[in-house]
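For this chain, numbers begin at 1 and follow the sequence in order. Heavy atoms only: backbone and side chains are in, while hydrogens, waters and symmetry mates are out.
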Amino acid sequence: MKTRIIAAAVLLPVLLLMLLWLPEIVAAIVISLLLAVAVYEMLYRTRLVRSGRLVIYSAVMAAAIGIWSYFGAVEAYGYLLLLAFCIALFAEMMNNHVKIRFETISMCFVAGAVVPYMLSALIRILMTYNGRHVILIPFVVACCCDAGAY
């Protein structure tokens, strides 16, 4: 309980500073790095994927999706990113077809492309008119739900 309160006391001002006053590019870079860390934790720390290279590919793709969202989310560049990511995943599967199965590749694709694309909506919301204030809504709702659960 103490750990949660201390973490909230430290990280809440940092979140508010990042979302309300710092330049949008800083927020996009921080969110991109958080996406990469989330992919690493989701795949490697839970031991779903044992191949380090697949985890690195997925983490780099997650960070790239965050930066791509900041620069306008042009569809052509998104398709090229996805194509390069799929080629890297399938090349890795062909290289180690005995150890790496299609299910592993599918988990890497979902963790490296689908989930970060959904979470990068925060960056796209931030870039809109009044986005700095609108983006606080999900965080306030999450905090209210947590407080209500106690």
Side-chain angles (χ1 to χ4, degrees), residues 1-19 22-127 135-147 149-150:
M1 179 81 169
K2 285 184 190 178
T3 308
R4 287 185 179 188
I5 293 172
I6 292 171
V10 171
L11 294 177
L12 188 62
V14 171
L15 175 72
L16 290 175
L17 176 72
M18 182 183 77
L19 293 179
L22 290 178
E24 293 165 346
I25 185 70
V26 174
I29 290 171
V30 169
I31 291 172
S32 296
L33 292 175
L34 289 175
L35 288 172
V37 169
V39 167
Y40 169 75
E41 287 181 355
M42 189 162 95
L43 293 177
Y44 195 73
R45 286 294 176 194
T46 59
R47 300 182 195 266
L48 288 175
V49 177
R50 303 222 189 260
S51 173
R53 286 194 294 205
L54 290 177
V55 173
I56 290 172
Y57 295 156
S58 299
V60 168
M61 181 64 184
I65 286 177
I67 297 299
W68 169 75
S69 293
Y70 173 75
F71 286 110
V74 179
E75 286 183 25
Y77 295 129
Y79 292 144
L80 287 175
L81 276 172
L82 283 175
L83 181 64
F85 182 53
C86 288
I87 288 172
L89 289 178
F90 282 109
E92 197 66 34
M93 187 175 78
M94 288 299 179
N95 190 23
N96 290 328
H97 61 12
V98 175
K99 295 180 182 178
I100 299 175
R101 300 178 49 177
F102 184 74
E103 293 85 9
T104 305
I105 298 297
S106 299
M107 282 188 286
C108 289
F109 182 80
V110 169
V114 176
V115 174
Y117 178 74
M118 290 182 217
L119 291 175
S120 68
L122 293 172
I123 298 170
R124 291 188 295 277
I125 290 171
L126 184 66
M127 301 297 296
I135 199 157
L136 290 176
I137 293 171
F139 296 108
V140 170
V141 169
C143 290
C144 289
C145 289
D146 286 345
Y150 282 121

Q: For residues 94-111, which residue pairs pass the salt bridge (charged side-chain N to carboxylate O under 4.0 Å, His left out) check, not counting sequence neighbours?
A: R101-E103
Q: Please name the pair of heavy atoms, one in A27 and one in L126, separated by the smallest distance, quoted to 0.1 Å.
A: CB-CD2, 3.5 Å
Q: Can you run down the salt bridge (charged side-chain N to carboxylate O under 4.0 Å, His left out) pairs that involve residues 71-90, sequence neighbours left out, and say none if there aren't any?
A: none
Q: Report the residues that fulfil side chain to side chain contact (heavy atoms under 4.5 Å, CB included) with L136, sequence neighbours left out, ordered by chain and then residue number.
A: L16, L19, L20
Q: Who pairs with P13 by side chain to side chain contact (heavy atoms under 4.5 Å, CB included), at least two apart in sequence or on another chain?
A: none
Q: Is there any side-chain hydrogen bond (donor to acceptor under 3.5 Å, both in side chains) pair reaching into residues 23-40, and which pairs are they, with sequence neighbours excluded?
A: Y40-R45
Q: What's the shortest heavy-atom distance between L122 and P138, and which atoms?
A: CD2-CG, 4.5 Å
Q: Kindly write out the residues that satisfy side chain to side chain contact (heavy atoms under 4.5 Å, CB included) with V14, not counting sequence neighbours, or none if the list is empty.
A: none
Q: Which atoms form the tightest heavy-atom contact between L43 and T46, and what is the distance?
A: O-OG1, 3.7 Å
Q: In Å, rounded to the nearest 0.5 Å, how long is the span from CG of L34 to CD of E41?
A: 10.0 Å
Q: Show me the side-chain donor-acceptor pairs of residues 50-63 shorter than 3.5 Å, one per line, residues at least two apart or across chains.
A:
residue	atom	partner	partner atom	Å
R53	NE	E92	OE2	3.0
R53	NH2	E92	OE2	2.8
Y57	OH	E92	OE1	3.4
S58	OG	L54	O	3.0
S58	OG	C108	O	3.3

Q: Among residues at least two apart in sequence or on other chains, which ones pass side chain to side chain contact (heavy atoms under 4.5 Å, CB included) with I125?
A: V134, I135
Q: Can you measure from OH (Y70) to CD1 (I31) and round to the nearest 0.5 angstrom?
A: 12.0 Å
Q: Going by side-chain hydrogen bond (donor to acceptor under 3.5 Å, both in side chains), name the pairs with one or both residues in residues 116-127, residues two or more places apart or in two chains.
A: S69-S120, S69-R124, S120-R124
